[in-house]
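Everything numeric here is computed off the predicted structure, so don't read it as measured data. We count residues from 1, following the sequence as given.
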Amino acid sequence: MTTDKAIEINSLSKSYGKAKALDQVTFDVQRGEIFGLIGPDGAGKTTLFKILVTLLNADEGTASVDGLDIGRDYRKIRNVVGYMPGKFSLYPDLTIEENMEFFANLFGVTVEQNYDLVAPIYSQIEPFKKRRAGKLSGGMKQKLALSCALIHKPSVLFLDEPTTGVDAVSRSEFWDMLHNLKKQGLSILVSTPYMDEASRCDRIALCNTGKILDIDSPSNMVEKFDGALYGIKSHEMYNLLKDLRGNKTIINSYTAGEYHHLLAGNGFNADVLKQVLLNKGHKDIEIKSITPDIEDVFIKLLSNEQH
């Protein structure tokens, strides 16, 4: 059965003892979409991936991948999905070439059959095809793992934190590869703890402790941000943060690169705050209104959950 949805998830829950890894998770991924699960370690991302690729059973709820039920059609699902787990899981003692051939044989295909799909990625590491996988750099391991996940030409691709531990240049290159795969019709569910990667997705789900906090396009999430956000810095950033957190006109304050960010509350006045901080001995104070990004949206949603 063909639908316009590559993945459908309805009220999925999973617990490990008393710890709830997933709590009534519901969302869908459209065909040809890059959908991002954005959240910290412990948010439930890996558990959800393992359920969707049929490596783990849910306690409650239903889900389908490519129109196939994760319980009833688990054998068929394994033939139509590509899965790249967070931890490098290829065979370190096999060469690049041998790993590729092994995964192709596993799915009853040959590297030559689907070479066109993996060529833009595999060609970058092919000159080193006799090198053992365990001896590769992080970026090369990433490209090999993605090539192996694609060699059987899946319709849906699952990537669990694929850029963790990889340098910034390789991270950017990897996302360029994902957009090329999307152009070829693949549907992609990718998880990441990096907020800056959210903007590379069509839609994202911000998640924490097994719950979905919000789902939308990255741009819509930023546009929905309600409240005045400011960047602030002074000569003594550590003490500045302590003093900001003690101010009753500030809802939340946190470190964000060169500046601290603060969300203004009732009665907030930037000039008054500056004078208060000067009276406390702060120097070189700079306060400016700023546009929120996905990390600001996420922190605000977390703050709403806690209050």
Side-chain angles (χ1 to χ4, degrees), residues 19-20 23 36-46 86 161 163-169 171-172 191-201 204-307:
K20 198 132 194 175
D23 189 359
L37 285 177
I38 316 295
D41 291 343
K45 304 187 297 293
T46 296
E161 299 194 359
T163 58
T164 299
V166 178
D167 65 89
V169 173
R171 280 174 58 193
S172 180
S191 70
T192 177
Y194 299 120
M195 298 292 164
D196 62 302
E197 293 186 349
S199 63
R200 306 292 300 266
C201 301
I204 57 173
L206 296 180
C207 51
N208 191 54
T209 60
K211 295 180 180 179
I212 302 294
L213 305 180
D214 194 14
I215 298 174
D216 212 329
S217 69
S219 58
N220 283 349
M221 280 194 180
V222 170
E223 286 177 15
K224 289 189 300 185
F225 189 95
D226 58 333
L229 190 69
Y230 292 82
I232 182 169
K233 66 178 180 177
S234 76
H235 77 299
E236 180 46 76
M237 294 294 280
Y238 177 74
N239 288 331
L240 175 62
L241 190 60
K242 287 201 299 182
D243 289 333
L244 292 174
R245 288 176 173 170
N247 190 297
K248 293 182 180 179
T249 68
I250 297 172
I251 296 171
N252 200 0
S253 54
Y254 47 91
T255 300
E258 184 184 355
Y259 289 80
H260 296 320
H261 286 191
L262 68 86
L263 181 62
N266 292 331
F268 177 84
N269 182 292
D271 293 331
V272 170
L273 175 65
K274 187 171 184 177
Q275 189 58 55
V276 168
L277 294 172
L278 286 170
N279 293 341
K280 288 179 177 288
H282 290 279
K283 301 174 185 176
D284 304 321
I285 300 168
E286 182 185 343
I287 305 176
K288 63 178 183 178
S289 178
I290 58 174
T291 301
D293 58 20
I294 289 296
E295 187 164 7
D296 296 308
V297 173
F298 184 74
I299 290 172
K300 188 171 188 297
L301 287 169
L302 285 181
S303 183
N304 292 343
E305 284 276 303
Q306 293 163 3
H307 292 93

Item to check | Non-neighbouring partners of Tyr194 that pass ring-ring contact (aromatic ring centres under 6.0 Å, His included), sequence neighbours left out | outcome: none
Checklist entry - What residues form a ring-ring contact (aromatic ring centres under 6.0 Å, His included) with His260, not counting sequence neighbours? => result none
At their closest point, which heavy atom of [X] faces which heavy atom of [Y], and how far apart are they?
X: Ile251; Y: Ala264; answer: CD1-O, 3.4 Å
X: Pro292; Y: Val222; answer: O-CG1, 3.4 Å
X: Tyr254; Y: Asp296; answer: OH-OD1, 2.5 Å
X: Asp23; Y: Lys211; answer: OD2-CE, 3.1 Å
X: Cys207; Y: Pro40; answer: O-CD, 3.7 Å

If you round to the nearest 0.5 Å, how far is [atom2] of [Y] from [atom1] of [X]?
X: Leu206; Y: Leu302; atom1: CG; atom2: CG; result: 8.5 Å
X: Ile290; Y: Leu229; atom1: CD1; atom2: CG; result: 4.0 Å
X: Ile285; Y: Leu278; atom1: CD1; atom2: CG; result: 4.0 Å

Checklist outcome for this item: With sequence neighbours left out, the residues meeting side chain to side chain contact (heavy atoms under 4.5 Å, CB included) with Ile215 are Phe27, Phe35, Arg203, Ala205, Ile212
Checklist entry - Does a donor on one side chain sit under 3.5 Å from an acceptor on the other, for Ser234 and Glu286? => result no
Next on the checklist: Considering only residues two or more places apart or on different chains, which pairs with a residue in residues 216-243 satisfy ring-ring contact (aromatic ring centres under 6.0 Å, His included)?
Outcome noted: Tyr230-Phe268
Checklist outcome for this item: Test side chain to side chain contact (heavy atoms under 4.5 Å, CB included), reference Glu197, set Thr192, Ile38, Ile294, output is Thr192
Next on the checklist: Can you confirm whether more than 12 heavy atoms, excluding those of Lys280, are under 6.0 Å from its NZ atom?
Outcome noted: no
Checklist entry - Around atom CG of Asn266, are there more than 12 heavy atoms of other residues, nucleotides or ligands at under 6.0 Å? => result no
Going by side-chain hydrogen bond (donor to acceptor under 3.5 Å, both in side chains), name the residues that satisfy it together with [X], two or more places apart in sequence or in a different chain.
X: Asp293; answer: none
X: Ser199; answer: none
X: Glu161; answer: Lys45, Thr164
X: Ser217; answer: Ser219, Asn220

[X] vs [Y] side-chain heavy atoms within contact, under 4.5 Å:
X: Thr249; Y: Asn269; answer: no
X: Leu241; Y: Ser253; answer: yes
X: Ile204; Y: Leu37; answer: no

Next on the checklist: Just to verify, what does Asp167 make a salt bridge (Lys or Arg N to Asp or Glu O under 4.0 Å) with, not counting sequence neighbours?
Outcome noted: none
Next on the checklist: The criterion is salt bridge (Lys or Arg N to Asp or Glu O under 4.0 Å); which residues satisfy it with Asp226, sequence neighbours excluded?
Outcome noted: Lys300
Item to check | Candidate pair Leu273 and Ile250, rule side chain to side chain contact (heavy atoms under 4.5 Å, CB included), full reasoning | outcome: CA-CA 10 Å; Leu273 175 65; Ile250 297 172; 4.2 Å; yes
Item to check | Check against side chain to side chain donor-acceptor pair (under 3.5 Å), His282 and Asn239 | outcome: CA-CA 9 Å; His282 290 279; Asn239 288 331; over 6 Å; no
Next on the checklist: For a side chain to side chain contact (heavy atoms under 4.5 Å, CB included) check, start with the C-alpha distance between Leu244 and Ile232, then their side-chain angles and the critical distance, and finish with the verdict.
Outcome noted: CA-CA 10 Å; Leu244 292 174; Ile232 182 169; 3.6 Å; yes
Checklist entry - salt bridge (charged side-chain N to carboxylate O under 4.0 Å, His left out): which pairs involve residues 235-256, sequence neighbours left out? => result none
Item to check | Where at least one partner belongs to residues 256-275, residue pairs that pass salt bridge (charged side-chain N to carboxylate O under 4.0 Å, His left out), sequence neighbours excluded | outcome: Lys233-Glu258
